[in-house]
Structure formats: structure tokens, C-alpha cells
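Both ligands and their constituent atoms are indexed starting at 1 by order of listing. Starting from 1, each residue takes its place in the sequence as its number.
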Amino acid sequence: MSSPYPWPQGRRAALCVTFDFDGESPQLWRQRDEPPQDVAELEQRRYGPRRGVQHVLDTLDAAGIRATFFVPGWIAHTYRSAVQDVHDAGHELALHGWRHEPPAALTAAELRDSLTRASDLLGEIAGRRPAGYRSPSFRMAPAAFEVLADLGVVYDSSLMGDDRPYRIGDLVEVPVDWATDDAVYYRYTGAESRPPAGADALHAAWSAELEGARAAGTLVNLTMHPWLSGRPARIRRLADLIHTARACGDVWIGTVGELAAHHLALGTGVPVTEVPLDTIGWPQ
Ligand SMILES: [Zn+2]
């Protein structure tokens, strides 16, 4: 049996609550060459910065936990007061591109420019540069690691190669999982072949992931979107999950930045995965 990962405070497992606060920016990127005439999806997505994020902040405040918000620079520019509210409520702001561009879709210069602009703006809002990054749609590219390190970023949270924090090159990777991403359950814009799942279905899946993590000593890293999970019936179930995790007594709950800092401070002799950056790409 492998040795357990040393979670903060000697806990058995860990829970991070994260939001990709991207509003309409993914659609703006996806349809940049052929802007649609209708505004249906734009308005559906604008629910996030307009209303959803406030429901999210109220819920996190009532639960007494701090979360990590990955925010495209364009969103911080366009909805600055909402992003300021997130920071002022004590949550962590982290990078998510400028207009939700996956790194592989950009040249090296474009990638550096978009992330530098976003880091400058989030740094202005938070009073310090962001320490973390999540690639849009989890589409990470090897070239991004070096740019991020140059910007003082210490962690990425986009990949699924472990179920505990691990190391890719100079960055800590705090892994994600499609199984705990709300978009898989809730994303419905009128064209999908199935209806959106109900809040109980996602809560049941999260609960199973939490049980599994406590049994195996692993991480549950929730990925949510204010335009999806900010709806009242849905965000209530997050409060239920946090209540359950707290009641367990053996689950550490904190931000991704805190977990990355904890990982960086671990001494030698700890069983962690290290992936050299030159092995992350397609085998030559
Ligand atoms: Zn996103």
C-alpha cells in the first residue's frame, strides 16, 4: 500500500472549491470569427458575472470558506466591480487566460502577452500578482509552463495526471477531474442532445468523490462556473457538500493557492509525483 499524502493539518483528504469565472468569454473566443446575431447564449453566460457570482459569494460567506476563482483578464476588465467583490470577500484570484484562449491556440508571443496583461490586471485588483493558473477548458500546453513561471506563477490547476498535488517542471500541479466539473452536468444552451442534470445528481456524484477521497487519501477539486452553479437551487447543494465535508472531521478545506504552497513546503522523502517538463508533451 502506498504511503498517504501528507495533507495540511494532518487531515486524511482535501477539498478545494474553485470557480472558473469566465461568463461569456469562452463564447467570445469560440465564435470570434463569426459573431452570432442572437444573444441567447451571451445572456445565459452573463448571468454569471451579473447574478450568479453574488449567490456564490453569499453561499461561501455563509459556509465560512474561501475559494479560488480563475478569472479571464477580459472578465476582470469588463466586470471589474464583481471581480473586486470576489477579492474583497477574501477569495483567491488566479489566471484563466485573457479571453479564454487555450494556450495551444496562441503563438508564444501571444500567450506571453495575454497572460501578462491578465496578471497585471488581476494584480492591480488583488494588490499582488496571481500565484495560479487554470487553462481554459483544461487545455494545457507545455509552452505555457515557462511563461507562467516567468510571471511568478507557482501552480497550475488544469491537468488530471494524479489525484494529489504533483510537480510538472517548476510548477505545482493541483489536479482537476471532469467528474467534479459542473459543466459536464449543467451546461445546456439549447442545442445539446440531453437536458441538464439536476442539482441532486451532481451532489450525489460529489458525495461519492468525497467518500472515495477519504478512503484513498486524495484530493477533491471542484470546478464550478458562476453562470451554471450560481443558480439558487444549485449553489445550495454546494453548501450541503461543505457541511458534510466539515462534519467528517478529517477533510482539509482550503484554496488551491494554499494547497500549492503546502506542497512546495514539503520536505524530501515525501511520496509525490515529479514530471519533468520535457516529458509532458507527445513522445518523440
Ligand atoms: Zn473557463
Ring-plane angle category for Phe19 and Phe69, please: parallel below 30°, perpendicular beyond 60°, tilted otherwise. parallel
State whether His225 contributes an N/O/S atom found under 2.8 Å from the Zn ion (ligand 1). no
Can you find a pair of side-chain heavy atoms, one from Tyr155 and one from Leu264, that are under 4.5 Å apart? no
Distance, nearest 0.5 Å, that separates CZ of Arg134 from CG of Asp22: 10.0 Å
Can you name the N, O or S atom of His96 that is closest to the Zn ion (ligand 1)? NE2
Can you classify the ring geometry of Tyr5 versus Trp7 as parallel (below 30°), tilted (30 to 60°) or perpendicular (above 60°)? tilted
Do any N/O/S atoms of Asp22 come under 2.8 Å of the Zn ion (ligand 1)? yes
